[in-house]
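First comes the structure, then the notes that go with it.
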Amino acid sequence: MNALFNINGKVVVITGGTGVLGCSIAKYLANEGCKVVILGRNENTGNEIVADITKEGGEAIFLTCDVMSQKACQVVCDEVMKRYGRVDALLNAAGGNMPGATIAPTGTFFDLKVEEFERVLSLNLTGTVIPTQVFLKPMVEAGKGAIVNFSSMAAFRPMTRVAGYAAAKAGISNFTAFMATEIAKKFTNNIRVNAIAPGFFLTNQNRALLTNPDGSLTERGADVIRQTPFGRFGDPEELCGTIHYLISDAAAFVTGTVAVVDGGFNAFAM
């Protein structure tokens, strides 16, 4: 392998690592030789993922963590440092949505539940800020590292219905650019902060919104496919190459960017 793309031995922390996308990325990185730390709240799922990885000869651990708690994140960070002595990369994949933070086709803005809107903002945006603040410290001490945040197609254009989620993901893209500058100017240019913006991938959170029980497309799902030049949803594994690049030395001069992996969704105009 070209040394630029060699990520063997890197210690990679993944928040939201028990989700469909986080799990796929964790397995890929472990297969590439990374020491993967999966963070999440579902211990059973986390342990199952670790078992799958170790069965294939990879190295991974699962640690229970609430990304909304700085104390919980610090406990986990301390455990990672005790075990590995460093953090080479942080992937902020934790996030989600809530019904009250969306507006149904038959509803209006006045139906938006502000409390759930705030919770979605917190889960996605603050749930990215807190782990970044905690896991950035050992990177600063080591003078190197990479952070990859998870943005969304909803960050580029305000899609219908997902008011809270779109606002949060737009905030993550902005936060990514802010942190790239903040770190380079005040600490080192050897720590890079970028984001990935997945197009539409079927996950546990959106499957019922995009597909019917028989596997056919809902009206929303059909709209997505019509807007996607590739004419299909993405496979979770198709995010892995971009993640690999962003945490490798091949991206040494790349920071503050949002890498789009969407089958052309964001490029389509008519």
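Sequential numbering from 1 along the given sequence is applied to the chain's residues.
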Mind jotting down which residue pairs meet the ring pair (Phe, Tyr, Trp, His ring centres under 6.0 Å) criterion with at least one end in [range]? Sequence neighbours excluded, please.
range            : value
residues 12-33   : Y28-H244
residues 77-99   : none
residues 100-139 : none
residues 171-209 : F200-F265

Just wondering, do F268 and T228 contact through their side chains at under 4.5 Å, heavy atoms?
->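 Counting from C-beta outward, T228 and F268 never come under 4.5 Å.
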Taking the side chain as every heavy atom from C-beta outward, state whether I130 and V67 have any pair of such atoms under 4.5 Å apart.
->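 Answer no - side chains too far apart.
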Tell me whether [Y] is reachable from [X] by hopping between hydrophobic residues (I, L, V, M, F, W, Y) whose side-chain heavy atoms are closer than 4.5 Å.
X    : Y    : value
V80  : V50  : no
L246 : I147 : no
V140 : I183 : yes
I14  : M81  : no
L29  : V13  : no

State, to 0.1 Å, how close [X] and [Y] come at their nearest heavy-atom pair, and which atoms those are.
X    : Y    : answer
I49  : G17  : CD1-O, 3.7 Å
G107 : D111 : CA-OD2, 3.2 Å
P198 : L239 : CB-CD2, 3.9 Å

Give the table of side-chain donor-acceptor pairs shorter than 3.5 Å for residues 250-261, with sequence neighbours excluded, one pair per line with atom names and distance.
| unit_1 | atom_1 | unit_2 | atom_2 | d |
| --- | --- | --- | --- | --- |
| T255 | OG1 | V193 | N | 3.0 |
| T255 | OG1 | V193 | O | 3.4 |
| T257 | OG1 | N194 | OD1 | 2.7 |

Show me the donor-acceptor pairs, under 3.5 Å and distance only, between side chains in residues 92-102 and residues at least two apart or in other chains.
| unit_1 | atom_1 | unit_2 | atom_2 | d |
| --- | --- | --- | --- | --- |
| N92 | ND2 | T132 | OG1 | 3.0 |
| N92 | ND2 | N149 | OD1 | 2.8 |
| T102 | OG1 | P99 | O | 2.6 |

Hey, is the main chain of [Y] close enough, under 3.5 Å, to the side chain of [X] for a donor-acceptor pair?
X    : Y    : result
T188 : N190 : yes
T211 : L217 : no
T54  : A51  : yes
D88  : V11  : yes

How many angstroms lie between CD in E118 and OG1 in T126, if you round to the nearest 0.5 Å?
->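 With rounding to 0.5 Å, CD (E118) is 10.5 Å from OG1 (T126).
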Rounded to the nearest 0.5 Å, how far apart are CG of D249 and CZ of R192?
->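 Those atoms lie 7.0 Å apart.
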What residues, two or more places apart in sequence or in another chain, satisfy side chain to side chain contact (heavy atoms under 4.5 Å, CB included) together with [X]?
X    : result
Q133 : Q70
E237 : S24, D235
N31  : none
D214 : N212, S216

Please report the C-alpha distance between I196 and I243 in whole Å, then the side-chain angles of each, then the deciding distance to 0.1 Å, and finally whether the side chain to side chain contact (heavy atoms under 4.5 Å, CB included) criterion is met.
-> CA-CA 8 Å; I196 188 170; I243 293 290; 4.0 Å; yes
Which atom pairs, one a donor and one an acceptor, fall under 3.5 Å between side chains of residues 161-173 and the rest of the protein, sequence neighbours left out?
| unit_1 | atom_1 | unit_2 | atom_2 | d |
| --- | --- | --- | --- | --- |
| K169 | NZ | F150 | O | 2.8 |
| S173 | OG | S151 | OG | 2.7 |

Donor-acceptor contacts, no H, no angles, side chain residues 35-44, under 3.5 Å, sequence neighbours left out:
| unit_1 | atom_1 | unit_2 | atom_2 | d |
| --- | --- | --- | --- | --- |
| K35 | NZ | E59 | OE1 | 3.3 |
| N42 | OD1 | N44 | N | 3.2 |
| N42 | OD1 | T45 | N | 3.0 |
| N42 | OD1 | T45 | OG1 | 3.2 |
| N42 | ND2 | T45 | OG1 | 3.2 |

